[in-house]
There are 2 protein chains.
Amino acid sequence: MEFKEAKNKFVQTWGALGSQWGINKTMAQIHALLMVSHEAVSMEDIMEELQISRGNASMSLRALMDWGIVYKEYKAGERREYFTAEKDLDELAVKISRERSKREIKPALKILKEVSAISANSTLEEKHFVNQTKKLYDFVLKADNVLEKITEYKDNWLAQLLVKFVKK
Amino acid sequence: MEFKEAKNKFVQTWGALGSQWGINKTMAQIHALLMVSHEAVSMEDIMEELQISRGNASMSLRALMDWGIVYKEYKAGERREYFTAEKDLDELAVKISRERSKREIKPALKILKEVSAISANSTLEEKHFVNQTKKLYDFVLKADNVLEKITEYKDNWLAQLLVKFVKK
DNA sequence: ATAAACTTTCATTTTTTTTTGAAACTTTAA
DNA sequence: TTAAAGTTTCAAAAAAAAATGAAAGTTTAT
């Protein structure tokens, strides 16, 4: 396998994976492309390499920047904007965790709290509902806290975590 | 808010969340419904409550059973099949982790290994590619190992993990 | 002030994913 | 065995998500 083929395979795979994880294909592909580029890439080049439209490129880049995992760069004396990806993997994981917590976990917690707060006076069915949703609330809250803690350790949290688990 | 409303809100929310996590809406809704039901539910009832077709119900239930988070139950003297969800949340998390590892992480690792194995003799660009994909391989492998370890502890791994992190 | 170089927006189209429903299949009991 | 009660399958339809591209908007240099 030579370079171009490998690069393409990587970008495609990452794209497919992304769409299973709630990030859309193009976003994941652009991110993949930037991750393995040794220098900043222009929108023009991204469009060219991934064969996507200008609009798509623009919106996907915006979304990636909103996630905080892609940055804009200006080259001295050039009008055109260039893009780079967060390449530090710990940092990347931290940013993705934070963003998903904010977008998905926090709203879910809110709903869980609400629905588990109904007064379950009458039936067994209602009691079970309240019980189960309360448990779920606690569980999700705990999981979210773990994520948050992890993001505080930043550097190399994953290695540390692995060591802890293997030792135990 | 009364029971029916709360239940509906929960099912809808869980459904929406599911689709952000790679499980489709109906699957997540059925799972939610079963989670908060105090007794096994028939396919007929699921169709009725979620207003979905028989085909959809059948396929979604099959998928949930493949994931190992919904079970079939037979009631003595009855032809009809009933369904229950895994209600233990630790167990649920374990099963979901295992399944996602198998379906998504393992195949991704395979590709990463492949593409990082090209001989990067010539350009800086190629060297950067190999370097970055190798790092990614290590990172994903480590993350997958952590998941695996966690699933070995089973009961209450989340609480333990949280304690460790808070203490430190 | 203006025009060139570039980016963003968003209504429309395309693609992908999900759902339907009717036919085929399976199981059980009489 | 057969018919009733139930389940599964899968081609087609519907819905949802993503991508396009042209027009509108910005910015910069002159």
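First the proteins, then the strands, lettered A, B, ... as listed; each starts at 1.
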Query raised in the report: Between A:Phe83 and A:Tyr71, does the ring centroid distance fall short of 6.0 Å?
Result: no
Query raised in the report: When all nucleic acid strands are considered with a 4.0 Å heavy-atom cut-off, which category describes B:Glu44: base, sugar-phosphate, or nothing?
Result: nothing
**Report entry** Under 3.5 Å: donor-acceptor pair, side chain of A:Ser101, backbone of A:Ser97
**Finding:** no
**Report entry** Side-chain N,O (B:Thr26) to OP1/OP2 (C:dT18) below 4.0 Å
**Finding:** no
Report task. Round to a whole Å and report the spacing from CD of A:Glu73 to P of C:dC6. Result -> 17 Å
Query raised in the report: Which of these passes side-chain contact (heavy atoms from CB on, under 4.5 Å) with A:Glu44: A:Glu49, A:Glu81, A:Arg80?
Result: A:Arg80
Query raised in the report: Can you check the B:Gln51 CD to D:dA15 P distance for me, whole Å?
Result: 15 Å
Report summary line: Ranking A:Ile52 and B:Ser58 by the position along DNA chain D of their nearest nucleotide, the one closer to 5' is B:Ser58
Requested in this report: Answer yes or no: is there an ion pair linking B:Lys110 with B:Glu114, defined by an N-O contact shorter than 4.0 Å?
Outcome: yes
Query raised in the report: What integer distance in Å separates B:Tyr74:OH from D:dG6:P?
Result: 14 Å
Query raised in the report: In whole angstroms, how far is the P atom of C:dA5 from the NZ atom of A:Lys75?
Result: 19 Å
Report task. Tell me, yes or no, whether the heavy-atom count around A:Lys134 atom NZ, taken from other residues, nucleotides or ligands under 6.0 Å, exceeds 12. Result -> no
Query raised in the report: Which residue lies toward the 5' end of DNA chain D, A:Gly55 or A:Gly77, if each is placed at its nearest nucleotide?
Result: A:Gly55
**Report entry** Interatomic distance, B:Leu61 CG vs C:dT18 P [rounded to whole Å]
**Finding:** 16 Å
Query raised in the report: Is B:Lys25 near enough to D:dA17 that one of its side-chain N or O atoms lies under 4.0 angstrom from OP1 or OP2?
Result: no
Query raised in the report: In whole Å, what is the span from the CD atom of A:Glu48 to the P atom of C:dC6?
Result: 16 Å
Query raised in the report: Contact class for B:Asn24 vs. all strands (heavy atom < 4.0 Å): base, sugar-phosphate, or nothing?
Result: sugar-phosphate
Query raised in the report: Rounded to the nearest Å, what distance is computed from the CE atom of residue A:Met43 to the C1' atom of nucleotide C:dT9?
Result: 12 Å
**Report entry** Integer-rounded Å distance: D:dT7 P and B:Tyr82 OH
**Finding:** 10 Å
Query raised in the report: Base, sugar-phosphate, or nothing: which does A:Arg79 touch, judged by heavy atoms less than 4.0 Å apart?
Result: base
Report summary line: Taking D:dA19, C:dT8, D:dT8 as options, the one with an atom nearest any side-chain atom of A:Arg54 is C:dT8
Query raised in the report: D:dT7, D:dT9, C:dT9: which one has an atom nearest the side-chain heavy atoms of B:Met59?
Result: D:dT9
**Report entry** Toward the 5' end of DNA chain C, by each residue's nearest nucleotide, A:Ser19 or B:Asn56
**Finding:** A:Ser19
Report task. Would you please confirm or rule out a distance under 4.0 Å between OP1 or OP2 of C:dT8 and any side-chain N or O of A:Arg62? Result -> yes
